[in-house]
Amino acid sequence: MKNRFGMNRRDWMMLSGAGLAMPPGAAQAQGAAPPANDLDAVLPDQLLLKDYRPKSIYKIQVSEIKKAKYPAIDCHHHVQSKTQEQVDEEVKIMDAAGLESSVAFCPVGEGPNYRASAFDDAYKIYSKYPKRFYIYCGLDMRGVDQAGFGPATIAELERCHKMGAVGVGELHDKGMGIGGVIGGPANWPGTRKGPGGASARPPQSPIQGFHPDAPQLDAIWEKCADLGMPVNLHVSDPYWSYLPQNRFNDGLMNGFSWRLDNKPGIMGHNELIESYEAAAKRHRRTVFIASHLANLDYDLPRLSQIFERNPNFYADFSARFHETCTVPRATAQFLKKWAHRVPYGTDIPFSQHLFSLTYRILETTDEHFYDQDFYFNFNYHWPLYGMGLPDDVLKKIYRESALSAFRLAQSKAKG
Ligand SMILES: [Zn+2]
């Protein structure tokens with residue numbers, strides 16, 4: 001069946017006002033509705049924001065896309081599988097969703113929690129599909145706050161590369177440096193708990209690591225360049241996490257889950273971004289893929305400037321669909337210019353629902369739909385919108401930008 005976008009190889013469900021046979025809201029591909037309970041009867045003067053689950057009443061286009069319009073590469077995926085059978089299942093989901101291949105971040109842990117065996121175990125089962133997974137290693141940052149730090153980290157990086165790792169990540173600096181640990185009170189768990197959710201992180205004693213442009217990391221970034229390994233580095237966090245957690249906070253519920261305003265001794269958002277760019281400037285041969293649009297989803301003009309100044313700087317789109325699709329026109333404008341530097345990514349365990357949702361946001365012009373209960377804490381109170389990106393932009397985001405980052409890194413390798 002061919003629809004008005006000329007996309008005939010996918011499942012679309014187009015509902016016009018006249019053809020709508022289901023009750024309002026029921027047709028939308030949303031997460032499970034909250035169980036019918038007393039909450040449904042709570043009146044607005046008592047209802048809490050965290051319990052608010054509006055349903056769209058609009059009789060408008062609702063699209064369900066099973067496969068990406070063009071072959072896609074997921075540039076930000078944390079592997080979950082522990083057995084070969086589970087990897088096989090992941091690959092089946094990829095096939096159904098049109099995902100050609102995926103980066104595979106191994107669960108090695110960070111800072112004091114690094115475990116070399118976690119890379120080895122993941123490598124064993126994911127390397128069965130060499131054409132489907134780009135297997136990344138982490139960085140052994142144990143002892144980052146002690147004298148003599150450095151050589152052991154590089155030796156472990158070389159070992160993983162020799163074994164088959166083609167990239168490094170995901171690394172983090174949310175304010176205490178790479179390899180550091182943020183202290184302070186635990187975060188709000190959000191309305192949905194789950195793997196990777198804020199609730200999973202108990203309060204810890206702080207450890208000071210190194211920010212991206214610290215001279216102590218120079219040799220490590222140069223080694224990544226020598227080995228042709230791109231670095232996926234998450235720096236800072238969504239801007240709402242830094243703002244006062246009150247009624248003026250536009251991204252309040254997620255800002256509160258990921259709050260940083262109450263964490264002592266951390267570097268601020270702006271300084272972190274500056275440190276990141278300084279590292280990219282100093283290490284021109286190293287390819288940095290900033291996680292999550294470099295947490296500049298709220299300030300894409302600034303990200304444009306960083307792209308302009310730094311040809312070795314990319315930014316993956318992962319886990320920023322909800323944040324950007326509420327400003328679909330501004331985001332589409334940005335992507336029309338920079339799609340070749342913005343690889344597609346998810347950051348969430350593979351499922352058909354995940355892929356369909358991201359394709360819907362990128363490809364369609366659907367309006368005003370909700371998915372608040374999907375995964376662990378996308379608790380934004382706003383509806384989602386499709387960006388309706390043109391084909392040339394989709395091709396770049398889905399595949400070409402990731403390949404260009406990999407090629408650029410390879411072209412800088414020595415030996
Ligand atoms: Zn991240």
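One-based numbering, in listed order, for ligands and for the atoms of each. Quantities reported herein were computed from a predicted structural model and do not represent experimental measurements.
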Original post:
Can you find a pair of side-chain heavy atoms, one from Lys174 and one from Ser236, that are under 4.5 Å apart?
Top reply: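 In short, these two side chains do not touch, never coming nearer than 4.5 Å.
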**OP:** Indicate yes or no: at least one non-hydrogen side-chain atom of Tyr276 is less than 4.5 angstrom from one of Asp213.
**Re:**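 Tyr276 vs Asp213: side chains apart.
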Subject >> Ring-face cation contact, Tyr114 with Arg142, 6.0 Å cut, 45° max >> reply: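 Not satisfied by the 6.0 Å and 45° rule.
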Original post:
Which of parallel (below 30°), tilted (30 to 60°) and perpendicular (above 60°) describes Phe355 and Phe350?
Top reply: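 The rings of Phe355 and Phe350 sit tilted, inter-plane angle from 30° to 60°.
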Original post:
Parallel, tilted or perpendicular for Trp382 and Trp240, by the 30°/60° rule?
Top reply: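 Taking Trp240 first and then Trp382, their aromatic rings sit tilted (interplane angle of 30° to 60°).
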**OP:** Mark yes or no for whether Trp221, through its side chain, and Arg285, through its backbone, hold a donor-acceptor pair below 3.5 Å.
**Re:**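 A pair under 3.5 Å: no.
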**OP:** Everything protein-side that's N, O or S and under 2.8 Å from the Zn ion (ligand 1): list it, residue and atom.
**Re:**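 Per the 2.8 Å query on the Zn ion (ligand 1), atoms found are Glu170 OE2, His234 ND1, His292 NE2.
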